[in-house]
Amino acid sequence: GCSENYRPNKVLQVATEPTFPPFEFQGQGGELEGFSIDLMRAIATAANFQIEFQSLPFDGIIPALQAKTIDGAISSMTITAERAKTVAFSRPYFKAGLAIAIRTDNQNIKGFNSLQNKKIAVQMGTTGAQKAKSVIGAEVRSFDSAPLALQELQNGNVDAVINDAPASLYAINTGNLQGIKIIQQLLTEEFYGIATARNSPYLSLINLGLSKILKNGNYQQIYQKWFKS
Ligand code: GLN
């Protein structure tokens, strides 16, 4: 089922964990918003299929894909070799990377090596959580969402947060976080992909839509809307 004429005979259920602005989050009235939401809708329109979003915890997304209770997921999920053993990824749609966030008055944390024996907050199930686990002597505190981890840093309960740089920067730049800075040097280079079950009939359709919007300028418009103010 990978020809241009293939149509799913149902509305695809697409999962997202909507606490990650500006990628996926809930607006004032609870409606889903963000770069990934606009992107997924544009992909569906371009490849002529229908979607419905479902909110799931981030660490519930891969199990739900494997159980096929959802058809796809767009949730700023980094394409990793580990995850690719259990799910399939679309072509990359966004370049990100992990950054260390600290309080602006912190003079002693200058990079990854200075995190040893420190308290680090992370969002559970993420690449940031993985990275934090590799720090010698660190006390890692896991939270359900990135904003909760960042809040813990703002409150002075941890020394640092390891999180995707664009998400932490957005929280700082919008004033949602006060007194927080990120260390410019990124810890990793990561690429986000849309995930499906392995051997999903929908993956080629998602890639088709993604290729179309990269070509027709729609991707660029959506990028401008969320990242160039
Ligand atoms: N990109 C990170 C990961 O894939 C974080 C994603 C997220 O918090 N939504 O683990």
Side-chain angles (χ1 to χ4, degrees), residues 14-27 32-40 53-66 70 72-101 112 120-135 140-154 158 160-174 176-177 180 182-183 186-198 206 210 222-223 226-227:
V14 178
T16 192
E17 186 265 318
T19 65
F20 210 63
F23 295 96
E24 49 274 341
F25 60 101
Q26 288 179 285
L32 289 177
E33 280 188 52
F35 173 78
S36 324
I37 304 303
D38 287 349
L39 196 73
M40 193 65 222
F53 287 105
Q54 273 190 31
S55 296
L56 284 183
F58 189 74
D59 62 358
I61 289 176
I62 287 179
L65 287 169
Q66 291 182 281
I70 52 172
I74 187 160
S75 207
S76 310
M77 187 177 282
T78 300
I79 300 168
T80 68
E82 189 60 30
R83 289 171 178 163
K85 288 177 189 163
T86 52
V87 297
F89 285 102
S90 69
R91 64 182 282 185
Y93 67 84
F94 193 88
K95 183 178 157 185
L98 295 174
I100 301 167
F112 188 70
I120 308 170
V122 297
Q123 180 185 2
M124 62 180 73
T126 62
T127 51
Q130 269 312 112
K131 192 77 185 168
K133 278 182 205 153
S134 74
V135 180
V140 180
R141 299 202 187 153
S142 296
F143 294 86
D144 285 339
S145 75
L148 287 174
L150 289 164
Q151 193 62 50
E152 200 71 354
L153 176 63
Q154 181 173 283
V158 293
V161 165
I162 301 181
N163 185 39
D164 295 23
S168 291
L169 272 176
Y170 189 82
I172 293 166
N173 293 339
T174 52
N176 283 336
L177 277 181
I180 305 294
I182 74 158
I183 296 174
L186 297 186
L187 301 178
T188 56
E189 183 180 75
E190 304 188 2
F191 294 88
Y192 297 162
I194 298 164
T196 65
R198 294 191 72 183
I206 290 167
L210 187 48
I222 296 167
Y223 184 88
W226 292 102
F227 295 101

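For clarity, every value in this text was computed on a predicted model and none was experimentally measured. Hydrogens, waters and symmetry mates play no part in the numbers below; they use all other heavy atoms, side chains included. Counting convention: from 1, in listed order, for ligands and their atoms alike. Along the sequence shown, the residues carry numbers beginning at 1.
- Looking at atom 6 (C) of ligand 1, its nearest protein heavy atom turns out to be Ser76 O, 3.2 Å.
- Counting heavy atoms under 4.0 Å from ligand 1, residue Phe23 does not touch it at all.
- Distances below 4.0 Å separate heavy atoms of Ser75 from the following atoms of ligand 1: 6 (C), 7 (C), 9 (N).
- The contact set between ligand 1 and Arg83, taken as ligand atoms under 4.0 Å from a residue heavy atom, comprises 3 (C), 4 (O), 10 (O).
- Atoms of ligand 1 lying under 4.0 Å from any heavy atom of Asp164, numbered from 1 in the order shown and given with element: 1 (N), 2 (C), 5 (C).
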- Item | Test side-chain contact (heavy atoms from CB on, under 4.5 Å) applied to Arg83 and Thr78, step by step | CA-CA 9 Å; Arg83 289 171 178 163; Thr78 300; 3.8 Å; yes
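- Looking at Gln123 and Glu17, their side chains do bring a donor and an acceptor atom within 3.5 Å of each other.
- Of all the heavy atoms of Thr78, the ones lying under 4.0 Å from any atom of ligand 1 are found in both the backbone and the side chain.
- Remark: the Thr86 side chain and the Gln66 side chain contain no N/O donor-acceptor pair separated by less than 3.5 Å.
- The shortest heavy-atom contact between Ile120 and Ala132 is CG2-CB, 4.1 Å.
- The shell of residues lying under 4.0 angstrom from ligand 1, judged by heavy atoms, excludes Ala146.
- Neither the backbone nor the side chain of Met124 comes within contact range of ligand 1; no heavy atom lies under 4.0 Å.
- Separation of the Phe227 and Phe23 ring centroids falls under the 6.0 Å cut-off.
- Between Phe35 and Phe94, the gap from one ring centroid to the other is short of 6.0 Å.
- For ligand 1, the atoms closer than 4.0 angstrom to any heavy atom of Tyr192 are 1 (N).
- Here the closest non-hydrogen pair linking Ile37 and Leu32 is CG2-O, 4.0 Å.
- With atom 8 (O) of ligand 1 as the reference point, the heavy atom nearest to it among Gln123, Glu24, Met77 is part of Gln123.
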- Before giving the answer on side-chain contact (heavy atoms from CB on, under 4.5 Å), spell out for Thr127 and Ile162 the whole-Å C-alpha distance, their side-chain angles and the decisive distance to 0.1 Å. CA-CA 9 Å; Thr127 51; Ile162 301 181; over 6 Å; no
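- The shortest N/O to N/O separation between Glu190 and ligand 1 does not fall below 3.5 Å.
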